[in-house]
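Only heavy atoms go into these numbers, but all of them, side chains included; no hydrogens, no water, no symmetry mates. Chain letters run A, B, ... following the sequence lines, proteins first and then strands; every chain starts at 1.
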Protein chains: 2
Amino acid sequence: MRDVARLAGVSTATVSAVLNGKGTVSPELTLRVEKAMQALDYHPDQIARSLRVGRSNVIGMIVPDVSNLFYAEILRGVEESCQKIGYSVILSGSSDDSGNERRHLETLYARRVDGVLLASSVSEAAYDRLTLRRFPLVFVDSVPAGVTSGAVVVDNAEAAFVATNHLIGLGHRRIAIITGRLDRSVGLDRMNGYRRALREAGIWIPDDFVMHGDFHVESGYKYGAELMRLPTPPTAIFCCNNRMTLGLLRALSEQRINCPNDVSVVGFDDADWATSFTPRLTCVAQPTYEIGKRAIGMLLKKIDAADADGAGQEPNVILHAELQVRESTGHPRDK
Amino acid sequence: MRDVARLAGVSTATVSAVLNGKGTVSPELTLRVEKAMQALDYHPDQIARSLRVGRSNVIGMIVPDVSNLFYAEILRGVEESCQKIGYSVILSGSSDDSGNERRHLETLYARRVDGVLLASSVSEAAYDRLTLRRFPLVFVDSVPAGVTSGAVVVDNAEAAFVATNHLIGLGHRRIAIITGRLDRSVGLDRMNGYRRALREAGIWIPDDFVMHGDFHVESGYKYGAELMRLPTPPTAIFCCNNRMTLGLLRALSEQRINCPNDVSVVGFDDADWATSFTPRLTCVAQPTYEIGKRAIGMLLKKIDAADADGAGQEPNVILHAELQVRESTGHPRDK
DNA sequence: TTGAAAGCGCTACCAC
DNA sequence: GTGGTAGCGCTTTCAA
């Protein structure tokens with residue numbers, strides 16, 4: 001920068017003014033400075049700038065699993081929005097471990113990110129007073145119990161309710177569920193939606209139709225296989241995330257159980273493969289890209305509010321998922 | 001930091017020494033400083049540190065598509081390795097656009113990242129003298145023509161050769177291909193491997209068995225459909241990436257064409273869904289996680305070499321993909 | 001072994 | 001309009 005100033009015959013202050021479009025520089029000097037910058041292939045050092053202005057234009061994002069398409073899609077929404085406004089995003093994967101999550105939170109703080117997006121948080125550290133004072137934070141996808149602001153979530157209970165009702169409407173009575181982790185709002189809400197639908201339809205479900213999965217492929221596989229080996233297996237299964245659905249479908253395939261003839265399947269989370277399967281998968285499609293966009297929108301609001309010393313309490317954004325009815329659901333055969 | 005120094009009754013230099021484990025500080029003072037840091041919940045400002053030492057401990061990674069599982073898996077390898085050594089990664093998606101790619105390169109430079117990982121680069125900007133002087137850069141997945149150092153790639157030609165030979169070995173003679181973009185090494189090499197296998201087996205292939213796809217779902221769908229509508233359709237299709245395979249499978253499903261009875265399919269890239277499909281998909285599995293790990297390893301070497309003013313010419317790392325034979329390939333029926 | 005002070009590259013304030 | 005300069009929080013000589 002000094003070199004630029006020297007070459008243009010001005011002060012560094014002027015160069016800075018040109019850079020930031022302060023408008024108080026004469027056209028003539030502006031041109032000279034720009035020429036000099038070009039000639040020297042000068043690119044302002046954002047690090048130095050950040051240090052000075054106390055703002056990094058970087059946000060952090062923590063997800064449980066980088067290679068889960070669901071988070072990848074959210075990330076895409078986040079990243080594209082960030083690009084437009086000159087933000088960069090540091091991504092870290094927590095592997096569903098609260099220690100990792102906490103560590104990442106510390107790292108991000110040390111790097112002085114302007115805010116962080118926390119997907120499916122598994123740690124209480126996230127809403128420590130201390131952490132919250134460090135930087136604006138918005139919860140994505142899953143929200144800690146009792147938190148009514150600063151989160152972008154989907155109405156999971158409603159979505160599960162609709163999905164289950166779809167099965168009931170087709171005539172199913174023996175409807176099983178493979179739940180997600182119940183210590184997460186996403187997992188619990190989906191199960192509750194399912195239960196409510198059954199209750200309102202006056203359907204009673206045996207305990208062994210409720211399988212407690214953990215969002216991973218293996219649990220979908222294992223519980224799917226178990227369900228179909230029951231003396232009277234379900235005629236429909238509601239599976240609470242994309243990974244487990246993959247496991248479930250694998251189990252069905254191995255047992256040569258035909259879907260939807262022998263059993264109907266409703267998955268949660270749409271995925272690129274959902275329409276390539278035979279049969280095409282009926283599932284609850286979450287607006288992933290939109291989640292990402294809204295989350296970053298809320299975070300920016302919070303960042304601005306923090307700058308302006310406003311309280312910055314953004315009420316939760318609640319988005320709605322849409323049931324995509326395709327061919328993996330049909331009437332029960334032995335009705 | 002000043003506060004910590006004051007509270008501990010020492011100078012900031014001493015605090016710094018403690019932080020960096022310089023070892024020249026008496027145990028007594030060390031303890032006092034640590035106490036003070038704790039008491040004030042002090043976390044050193046990496047931004048300031050970066051400015052001073054000229055090293056950010058951040059790397060950038062540019063991928064064409066954040067939500068393609070293939071890149072997501074590589075990213076996972078990268079990210080996990082980075083965590084271990086205290087690096088953070090800024091992720092950007094180029095959407096296969098060279099303008100975006102160039103812009104991200106500029107941004108990353110402005111942020112003074114220590115190096116960048118560039119996946120499937122589409123832009124010549126990446127190997128401009130200028131860009132290369134800015135920071136260590138390693139190419140991942142796809143390598144620009146003629147570049148023999150600084151890249152981590154898979155031997156795509158060999159992988160395609162093996163995959164095609166697998167089909168030939170099963171008795172197929174009418175083997176079609178849906179290629180990727182031929183302006184990328186990945187795309188071209190795979191087609192060449194396919195061609196070599198056919199040539200060596202003395203099999204001649206009509207031109208309309210070679211479909212030029214672009215790595216996206218739609219092209220797999222479109223060309224898959226076209227292939228199967230040919231007067232004499234192929235008995236096997238080799239499909240050059242995960243996305244296009246999804247499209248192809250959808251086309252087959254819609255046309256009620258049975259795989260592998262009517263046509264065998266070999267995909268490129270393994271995916272979580274590959275073993276959940278019926279039939280389970282035979283495909284070329286790239287060592288994605290390993291690619292990520294090796295890439296970051298090479299980048300770090302380059303970074304260190306750059307620090308040490310060494311030339312830092314790391315020869316290309318060439319990894320090998322493995323053919324996963326499953327049920328989507330079988331003998332041709334009408335042989 | 002410890003501390004004083006310079007300086008990384010930038011911005012913002014104030015004086016001209 | 002423009003420039004001089006202090007200082008963001010840290011590390012790193014160098015002197016004590």
I want to confirm an ordering. Mapping Thr12(A) and Arg2(A) to their closest nucleotides on DNA chain C, which one lands closer to the 5' end?
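The residue closer to the strand's 5' end, by nearest nucleotide, is Arg2(A).
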Starting from the 5' end of DNA chain C, give me the residue, Thr24(B) or Arg112(B), whose nearest nucleotide shows up first.
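Per heavy-atom nearest nucleotide, the more 5' residue is Thr24(B).
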Under 3.5 Å, side chain of [X] to main-chain N/O of [Y], donor-acceptor pair present?
X	Y	answer
Glu101(A)	Val122(A)	yes
Asp114(B)	Asn57(B)	yes
Ser16(A)	Thr12(A)	no
Arg32(B)	Ala8(B)	yes

At 4.0 Å (heavy atoms only), tell me whether Val15(A) reaches a base, stays on the sugar-phosphate, or touches nothing.
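Result for Val15(A) = nothing.
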Atom pair distance, as rounded to whole Å: CE in Met1(B) and P in dG7(D)
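Computing the Met1(B):CE to dG7(D):P distance gives 18 Å.
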Could you give the CZ-to-P distance, from Arg6(A) to dG4(D), as a whole number of Å?
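Interatomic distance, CZ of Arg6(A) to P of dG4(D): 12 Å.
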Choosing from dT11(C), dG4(D), dT11(D), which nucleotide comes nearest the side chain of Leu19(B)?
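From the listed options, dT11(D) comes nearest.
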Does a donor on one side chain sit under 3.5 Å from an acceptor on the other, for Arg111(A) and Ser88(B)?
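Their side chains do contain a donor-acceptor pair, which is all the 3.5 Å distance test asks for.
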May I ask you to check whether Asn100(B) and Arg102(B) show a side-chain donor-acceptor distance below 3.5 Å?
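No - no donor-acceptor pair under 3.5 Å links their side chains.
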Using a strict heavy-atom distance below 4.0 Å, which residues from residues 43-59 of chain A are in contact with DNA chain D?
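Contacting residues: Leu51(A), Arg52(A).
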Contact residues, residues 26-41 of chain A to DNA chain D [heavy atom, < 4.0 Å]:
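Within this stretch, Ser26(A), Leu29(A) sit under 4.0 Å of the strand.
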Quick check: do Tyr42(B) and Leu19(B) have side-chain heavy atoms less than 4.5 Å from each other?
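They are in side-chain contact.
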Stepwise, does the side chain to side chain donor-acceptor pair (under 3.5 Å) test hold for Asp65(B) with Ser67(B)?
CA-CA 5 Å; Asp65(B) 181 0; Ser67(B) 60; 3.0 Å; yes
Short N-O contact, [X] and [Y], less than 4.0 angstrom:
X	Y	value
Arg294(B)	Glu290(B)	yes
Glu80(A)	Arg76(A)	yes
Arg184(B)	Asp96(B)	yes

Please round to 10 degrees the angle between the axis of the first five pairs and the axis of the last five pairs in the helix from dT1(C)-dA16(D) to dC16(C)-dG1(D).
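Axis angle across the helix from dT1(C)-dA16(D) to dC16(C)-dG1(D), nearest 10°: 40°.
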Using a cut-off of strictly less than 4.0 Å, decide whether Thr14(A) has a side-chain nitrogen or oxygen near OP1 or OP2 of dG3(D).
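For Thr14(A), the contact criterion (side-chain N or O under 4.0 Å from OP1 or OP2 of dG3(D)) is met.
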